[in-house]
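Reviewing the structure listed below.
Protein chains get the first letters and strands the later ones, always in sequence-line order, with residue 1 at the start of each.
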Amino acid sequence: MDYNNLAELLFPHITRDPEDYEKIYPERKLPPGAKVTRLGPSPTGFIHLGNLYGAFVDERLAHQSDGVFYLRIEDTDDKRQVEGAVEAIISSLEFFGVTFDEGAALEGDKGDYGPYYQSQRAEIYQTYVKQLVQRGQAYPCFCTEEELTAIREEQERLKENPGYYGKWARHRNLTLEEIQNRMEQKMPFVIRLRSQGTHDCPEEDVRMISVEDGIRGTLTMPENDQDVVLLKANGIPTYHFAHVVDDHLMRTTHVVRGAEWLPSLPIHVELFRTLGWPLPVYCHTAQLMKMEDGNKRKLSKRKDPELSLDYYRSEGYHPKAVREYLLTILNSNYEEWRLENPDSPQEAFDFTVEKMSNSGTLFDLDKLNDISKDVLVKIPADELSEFLINWAKTYRPELIDLFAEQKEYLIKILDLGRQGDKPRKDFIFARQMFEFISYFYDDYFKTEDVYPENVSDEDAKTILSSYLESYDHRDDQVQWFDKIREIASANGYAAKPKDYKKNPELYKGHVGDVSTVIRIALMGRAMSPDIWEIQQILGEETTRDRIQKRLAAQK
RNA sequence: GGCCCCAUGGUCAAGCGGUCAAGACACCGCCCUUUCACGGCGGUAACCCGGGUUCGAUUCCCGGUGGGGUCACCA
């Protein structure tokens with residue numbers, strides 16, 4: 001059969017040569033060792049932690065090597081388009097500190113290797129498919145969905161491998177006339193690869209391929225034998241073909257993707273070879289897992305909405321904290337490095353694919369929270385206040401006035417107990433932060449705890465009225481506490497906890513119980529930072545007011 | 001089911017032929033302390049099983065088992 005005729009029949013509108021594109025997209029001029037990476041999300045608008053995890057790898061590899069990190073939108077599936085998804089992806093990633101040098105962007109594509117939307121690259125793909133047809137390496141297939149299903153069922157019945165290959169590839173050798181006939185009848189068709197892989201042979205004769213994975217080392221697997229679809233009936237390529245053409249033409253050096261792509265690697269290898277192009281370095285990352293019913297499983301977009309990036313945004317996790325956490329699970333030596341370099345920026349860490357884990361990592365919220373505490377404690381209070389206000393803008397608008405109108409007040413609150421060698425690490429994420437400091441705001445002040453058991457209501461009253469009587473807002477911390485001790489002694493509570501521990505029978509309790517009573521009156525809870533410091537922020541009026549109200553409520 | 005990947009405490013993980021098998025989170029105890037946190041000290045807890053190779057296997061090989069992934073005109 002004359003493949004040139006076939007190619008013309010199939011693609012009369014394609015006039016360019018592959019060589020033209022090689023010229024349009026020349027090799028990049030970059031310093032030696034520079035890596036070119038990319039993120040290729042499909043625009044469903046849903047990004048989860050796993051995507052961010054992978055994006056970090058891309059970002060680090062590129063930027064650590066003075067390379068290029070670009071964004072390519074893989075919108076080859078028209079059923080998966082979601083309005084505004086690209087904007088959501090970009091802004092979401094930007095929030096977490098992932099920025100692109102090139103590719104799809106809010107203000108339009110940037111860079112010389114575009115277009116960066118696969119849906120706009122149809123001609124490019126078709127040019128290469130046309131070439132493959134000319135060489136007899138691809139062919140049209142008119143099989144309907146029903147026929148394909150029938151083939152699969154037959155294969156299942158015979159316990160043979162499913163798929164379109166070898167003897168099952170029934171349109172592999174149609175004659176030109178047969179093809180012409182079907183085209184005249186307007187039968188829809190796809191273009192398939194004519195795979196050169198071995199099949200229908202004894203197991204030991206199957207040829208193997210081996211690929212050096214950046215993370216996993218040498219991978220060995222049977223070569224591809226499937227006549228995979230290259231171009232769908234609508235003329236748009238499948239992922240496999242788009243990946244190979246784009247990553248070649250965009251001069252990607254490192255393809256970072258999840259391990260779920262491992263099984264299709266042979267397809268990509270065959271495509272690269274057939275097209276005569278060098279393989280990029282594949283880096284197959286471990287999947288982020290989730291524990292369910294005692295078993296790990298891959299994070300799923302549909303089932304795990306709480307792992308969407310939006311979840312962390314709405315809870316108010318700081319982007320730095322999320323990055324820090326991801327970095328610790330991404331590179332096993334990161335935590336150690338962080339211990340030794342507590343104040344270095346994250347970018348100073350030398351990220352390597354070799355140190356990446358290749359088994360599935362369970363997402364650990366406890367760990368994220370712990371890391372978040374360490375990260376937040378290093379952020380100055382004024383910056384933290386900005387963060388909190390920004391968070392409130394989107395997620396708690398009713399709080400904005402509260403925060404923004406008294407910003408100095410907020411900063412003081414956030415700075416409470418955070419100086420010195422052993423700063424408090426109370427803050428984890430914005431929602432929790434507000435919960436923690438809510439008693440500073442009258443509208444959100446509420447009494448949650450009750451007095452200690454060993455303090456009678458009578459004593460509590462006495463303690464509070466004595467406190468109110470002796471209260472002097474100008475007292476320093478020592479003076480203030482001496483007064484508390486006096487109140488304790490006067491009412492039968494040990495002034496020093498140690499005395500109480502030695503002779504518990506001599507006292508009703510100790511000074512800690514007394515201050516707890518005051519805490520509950522002032523803060524509504526038994527746990528809080530230093531009372532004196534809080535009072536200084538609250539101001540004399542509010543302090544007296546709360547004690548008085550508590551006293552009144554008890555009558 | 002075929003193919004592929006993975007396998008060290010509850011979790012994340014160092015290890016890369018000889019170690020009392022690091023460390024972090026979580027948990028427990030003690031100390032510090034006016035509460036809580038922070039901090040300090042200490043503790044419980046692991047090499048999936050079976051064969052090899054070797055003087056010696058957590059480490060190398062093979063086979064099981066277990067877990068995960070994937071088998072689309074989705075990515």
Do any side-chain nitrogens or oxygens of [X] fall under 4.0 Å of OP1 or OP2 in [N]?
X	N	result
A:Lys425	B:G39	yes
A:Ser528	B:U35	no
A:Thr76	B:C74	no

Spacing of the [atom1] atoms in [M] and [N] (rounded, Å):
N	M	atom1	value
B:C16	B:U58	P	15 Å
B:A13	B:A46	C1'	12 Å
B:C49	B:C74	P	45 Å
B:G40	B:A24	P	10 Å
B:C6	B:C12	C1'	15 Å
B:G10	B:G18	C1'	30 Å
B:G9	B:G23	C1'	13 Å
B:U54	B:C61	C1'	12 Å

Are the aromatic rings of [X] and [Y] close, with centres under 6.0 Å apart?
X	Y	result
A:Phe142	A:Phe189	yes
A:Trp261	A:Tyr239	yes
A:Tyr282	A:His243	yes

Next item on the list: Indicate yes or no: does A:Arg72 engage A:Asp247 in a salt bridge with an N to O separation below 4.0 Å.
Entry: yes
Checklist line | Electrostatic pair A:Arg216:A:Glu354 at N-O distance under 4.0 angstrom | finding: no
Next item on the list: Assign A:Arg216 to base, sugar-phosphate, or nothing according to its heavy-atom contacts below 4.0 angstrom with the strands shown.
Entry: sugar-phosphate
Next item on the list: Indicate, with a heavy-atom threshold strictly under 4.0 Å, whether A:Val190 touches base, sugar-phosphate, or nothing.
Entry: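 Base contact - A:Val190 has a heavy atom under 4.0 Å of at least one base atom.
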Which residues satisfy the ring pair (Phe, Tyr, Trp, His ring centres under 6.0 Å) test with [X], sequence neighbours excluded?
X	answer
A:Tyr451	none
A:Tyr164	none
A:Phe434	A:Phe403, A:Tyr444

Check: Does the cation-pi check pass for A:Arg546 over A:Phe445, that is, NZ or CZ under 6.0 Å from the six-membered ring centre and within 45° of its axis?
Finding: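 Yes.
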Checklist line | side-chain hydrogen bond (donor to acceptor under 3.5 Å, both in side chains) contacts touching residues 480-494 of chain A (sequence neighbours left out) | finding: A:Asp459-A:Tyr493, A:Tyr467-A:Trp480, A:Asp475-A:Lys483
Check: Hey, which of A:Phe429, A:Tyr317, A:Phe363, A:Tyr53 is the one that makes ring pair (Phe, Tyr, Trp, His ring centres under 6.0 Å) with A:Tyr325?
Finding: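 Going through the options one by one, the only one that passes is A:Phe363.
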Measure from [atom1] on [X] to [atom2] on [N] and round the result to the nearest Å.
X	N	atom1	atom2	value
A:Tyr493	B:U35	OH	C1'	15 Å
A:Leu416	B:U35	CG	P	16 Å
A:Gln226	B:U70	CD	P	17 Å
A:Lys232	B:C74	NZ	C1'	7 Å

Strictly below 4.0 Å, heavy-atom distances to any atom of RNA chain B: list the hits from [range], or just say none.
range	answer
residues 139-160 of chain A	A:Cys143
residues 426-438 of chain A	A:Asp426
residues 321-340 of chain A	A:Ile329, A:Ser332, A:Glu335

Using a cutoff of under 3.5 Å, can you pull out all pairs of nitrogen or oxygen atoms linking the protein to nucleotides 30-34 of chain B, with atom names and distances?
from: B:U34; atom 1: O2'; to: A:Ser515; atom 2: OG; distance (Å): 3.0
from: B:U34; atom 1: O2; to: A:Ser515; atom 2: OG; distance (Å): 3.0
from: B:U34; atom 1: O4; to: A:Asp530; atom 2: OD1; distance (Å): 3.0

Item checked: Nearest non-hydrogen partners of A:Ile534 and A:Ser528, listed with the distance -> CD1-OG, 3.6 Å
Note to self: Run through RNA chain B and report every stem of 3 or more consecutive Watson-Crick or G-U pairs, distances under 3.5 Å, ordered by first number.
What the structure shows: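 RNA chain B forms these stems: B:1-7 with B:65-71, B:10-12 with B:23-25, B:27-31 with B:39-43, B:48-52 with B:60-64.
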Check: Considering residues at least two apart in sequence or located in another chain, which fulfil the salt bridge (charged side-chain N to carboxylate O under 4.0 Å, His left out) criterion with A:Arg194?
Finding: none
Margin query: Applying salt bridge (charged side-chain N to carboxylate O under 4.0 Å, His left out), can you list everything that pairs with A:Glu156, at least two apart in sequence or on another chain?
Written below: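 Per chain and number, A:Glu156 pairs via salt bridge (charged side-chain N to carboxylate O under 4.0 Å, His left out) with A:Arg152.
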Next item on the list: By nearest nucleotide on RNA chain B, pick out whichever of A:Lys355 and A:Pro423 is the more 5' one.
Entry: A:Lys355
Item checked: Toward the 5' end of RNA chain B, by each residue's nearest nucleotide, A:Pro188 or A:Pro222 ->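 Comparing both residues, the 5'-ward one is A:Pro222.
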Check: Should A:Asp58 and A:Arg38 be marked as a salt bridge (charged side-chain N to carboxylate O under 4.0 Å, His left out) after you check the CA-CA gap, both sets of side-chain angles, and the distance that decides it?
Finding: CA-CA 6 Å; A:Asp58 284 310; A:Arg38 101 273 125 124; 5.5 Å; no
Notebook entry, point to check: Which residue pairs pass the ring-ring contact (aromatic ring centres under 6.0 Å, His included) test when at least one of the two sits in residues 143-163 of chain A, sequence neighbours left out?
Noted result: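 For residues 143-163 of chain A, and leaving out neighbouring residues, there are no ring-ring contact (aromatic ring centres under 6.0 Å, His included) pairs at all.
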Next item on the list: Please determine, for the side chain of A:Asp77, which listed nucleotide (B:C5, B:C25, B:C74) has the closest atom?
Entry: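 It is B:C74.
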Next item on the list: Look at the side chain of A:Arg525 and the base of B:C36, then say whether one donor and one acceptor between them are separated by less than 3.5 Å.
Entry: no
